[in-house]
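Below is one structure; the comments refer to it alone.
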Amino acid sequence: TVTWNCMISGYVHNHRIADAQRIFDVMPERNVVSWTALLTGYAKCGMLEEAQEIFDRMPERNVISWNSMITAHVNWGKIDKAREMFDNMPVRNATSWAIMVSGYIHHKLVEKASALFDQAPVRAVSLYNALLSGYVELGKIKDAEDLFANLQDPNVVSWNSMLTCYARSGRMDLAKALFDKMPEKDIISWTTIIQGYLKNGNVKAAHQLFVQMPVRDIIAWNTMIGGYAQVGKLEDALQLFEMMPQRDIVSWNSILQGYVQSDDMASAWLWFRKMPQRS
RNA sequence: ACACGCUGUCCAGGCU
């Protein structure tokens with residue numbers, strides 16, 4: 001069953017819901033993981049009613065099934081329905097609380113998010129992070145700082161949110177100080193600080209860090225390319241574009257955007273025609 | 001790599 005479930009989950013990640021459903025139908029026996037994975041698959045494809053139907057039909061549900069269904073509602077704008085399920089679920093874990101707080105945050109309902117945060121029986125780091133990202137998103141620097149200061153044991157996600165906070169408000173001095181102080185940095189920390197320098201007009205510093213970073217994924221490459229493109233340094237952008245191990249649609253769009261930004265519509269059009277149909 | 005959640009890139013959209 002585990003092997004079959006892996007296949008379902010693989011298809012779900014690729015948004016191949018028809019194939020996931022096919023596996024689900026032919027597998028000899030299904031457990032709660034199979035059902036939940038399928039539910040998530042429908043939800044990811046925007047088929048909320050089908051997801052709900054699966055949820056209702058499942059022979060058994062655990063806290064993850066509930067969380068998955070709540071996430072589905074949150075992601076498709078049904079925040080009230082999500083809250084209703086949250087209130088009615090038999091058992092809530094730390095993730096349930098984080099999902100709901102994060103749902104409110106994404107709907108810009110910060111008051112509701114912080115009210116719920118205050119009610120949480122256990123303050124997991126992910127719960128803090130959900131609220132923190134909301135403060136950061138809305139530029140509430142002081143609130144973010146206070147919340148971060150209250151964190152007993154911030155993880156790399158918390159640190160990264162604070163990096164974003166300072167970078168977005170133009171305080172690259174604070175961002176860099178924080179970056180240097182981080183107990184551990186991941187690829188997102190590096191990309192965030194690079195993006196910060198780019199947005200604040202320091203392409204040189206950005207590039208230095210780009211060269212220094214231990215591992216670069218496609219998003220890091222795209223970030224640096226986009227930074228060059230935005231300031232009209234298209235040769236640099238193109239050079240990186242050629243160098244990167246693989247490209248996705250964002251890589252192509254970033255260069256395109258660079259041409260548009262430079263008012264070079266002729267090159268933009270040529271580039272557009274060179275773009276692969278899908279990626 | 002058996003299912004859910006919090007942080008980074010282009011564009012578009014949605015909400016207030």
Side-chain angles (χ1 to χ4, degrees), chain A residues 1-10 12-13 20 23 27 30-41 43-44 58 61-72 74-77 79 89 92-103 105-110 113 117 124-134 136-138 154-165 167-168 185-196 198-199 213 216-227 229-230 237 247-258 260-261:
Chain A
T1 308
V2 172
T3 311
W4 294 92
N5 286 344
C6 285
M7 296 180 68
I8 293 184
S9 134
V12 165
H13 276 111
I23 300 299
M27 62 196 289
R30 303 150 193 87
N31 59 18
V32 64
V33 175
S34 334
W35 283 89
T36 305
L38 188 68
L39 184 169
T40 302
K44 283 211 166 111
M58 298 174 65
R61 300 165 197 87
N62 60 18
V63 63
I64 297 188
S65 326
W66 282 87
N67 288 348
S68 304
M69 196 61 230
I70 291 174
T71 300
V74 161
N75 286 342
W76 296 96
I79 189 76
M89 65 194 291
R92 287 173 277 272
N93 63 13
T95 300
S96 322
W97 288 88
I99 291 170
M100 206 55 230
V101 166
S102 158
I105 290 301
H106 281 115
H107 290 257
K108 304 261 191 285
L109 302 168
V110 187
F117 176 90
V125 184
S126 58
L127 181 61
Y128 272 92
N129 290 344
L131 187 58
L132 185 60
S133 75
V136 170
E137 190 66 37
L138 298 174
N155 63 15
V156 66
V157 175
S158 330
W159 286 89
N160 289 345
S161 291
M162 286 311 293
L163 280 182
T164 302
C165 178
R168 286 234 249 265
K185 310 179 203 353
D186 64 8
I187 198 162
I188 297 187
S189 325
W190 284 90
T191 311
T192 302
I193 192 93
I194 287 170
Q195 171 74 347
L198 290 172
K199 286 288 183 206
M213 70 190 290
R216 283 168 284 269
D217 65 2
I218 197 161
I219 297 187
W221 284 93
N222 289 344
T223 301
M224 198 60 227
I225 289 176
Q230 289 297 329
R247 298 142 196 91
D248 65 5
I249 185 66
V250 175
S251 327
W252 286 89
N253 281 346
S254 301
I255 299 283
L256 181 65
Q257 186 59 24
V260 172
Q261 196 77 20

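Because the structure is predicted, anything quoted here is derived from the model rather than measured. Residue numbers begin at 1 in each chain, while the letters A, B, ... track the order of the sequences.
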In whole angstrom, what separates Asn5(A)'s CG from rA1(B)'s P?
14 Å
When you get a sec, tell me which of rC4(B), rC6(B), rA3(B) is the closest nucleotide to the side chain of Asn129(A)?
rC6(B)
Where the side chain of Ser68(A) is concerned, which of rG5(B), rC2(B), rC4(B) is the nearest nucleotide?
rC4(B)
Closest approach to the side chain of Thr164(A), judged atom by atom: which nucleotide of rU7(B), rA1(B), rC6(B) is it?
rU7(B)
Please tell me which of the listed nucleotides, rC4(B), rA3(B), rG8(B), lies nearest to the side chain of Val32(A)?
rA3(B)
Report the distance from atom CG of Asn93(A) to atom C1' of rC6(B), rounded to the nearest whole Å.
13 Å
Whole-Å distance between rA1(B) C1' and Trp4(A) CH2?
18 Å
Scan Asp217(A) against the nucleic acid and name what it touches under 4.0 Å (heavy atoms): base, sugar-phosphate only, or nothing.
base
Specify the separation, in whole Å, of atom CH2 of Trp35(A) and atom C1' of rA3(B).
14 Å
What residues, two or more places apart in sequence or in another chain, satisfy side chain to side chain contact (heavy atoms under 4.5 Å, CB included) together with His106(A)?
Ser102(A)
From the set rG5(B), rA3(B), rG8(B), return the single nucleotide nearest to any side-chain atom of Ser9(A).
rA3(B)
Looking at residues at least two apart in the chain, or sitting in another chain, which of them share a side chain to side chain contact (heavy atoms under 4.5 Å, CB included) with Ile188(A)?
Asn160(A), Asp186(A), Thr192(A)
Atom CG of Leu38(A) and atom C1' of rC4(B): how far apart are they, to the nearest Å?
15 Å
Which residues satisfy the side chain to side chain contact (heavy atoms under 4.5 Å, CB included) test with Thr71(A), sequence neighbours excluded?
Asn75(A), Ile99(A)
Is it true that Thr36(A) and Ser65(A) share a donor-acceptor pair across their side chains at a distance under 3.5 Å?
yes
When the distance from CD of Glu137(A) to C1' of rG8(B) is rounded to whole Å, what number comes out?
12 Å
Protein-nucleotide distance (Met69(A), atom CE; rC4(B), atom P), rounded to Å:
14 Å
Side chain to side chain contact (heavy atoms under 4.5 Å, CB included) filter on Ser9(A), not counting sequence neighbours, yields His13(A)
Is a donor-acceptor pair below 3.5 Å formed from side chain Asn62(A) to base rA3(B), judging by atom type as modelled?
yes
Taking all heavy atoms of Ile105(A) and all of Gly134(A), pick out the closest pair and write down the distance.
CG2-CA, 3.4 Å
Rounded to whole Å, CH2 of Trp190(A) lies from C1' of rG8(B) at a distance of 14 Å
Salt bridge (charged side-chain N to carboxylate O under 4.0 Å, His left out) with Arg168(A): which residues, sequence neighbours excluded?
Glu137(A)
Using a 4.0 Å heavy-atom cut-off, write out nucleotides 9-16 of chain B from 5' to 3' as B (base contacted by protein), S (sugar-phosphate only) or - (no contact).
BBS-----
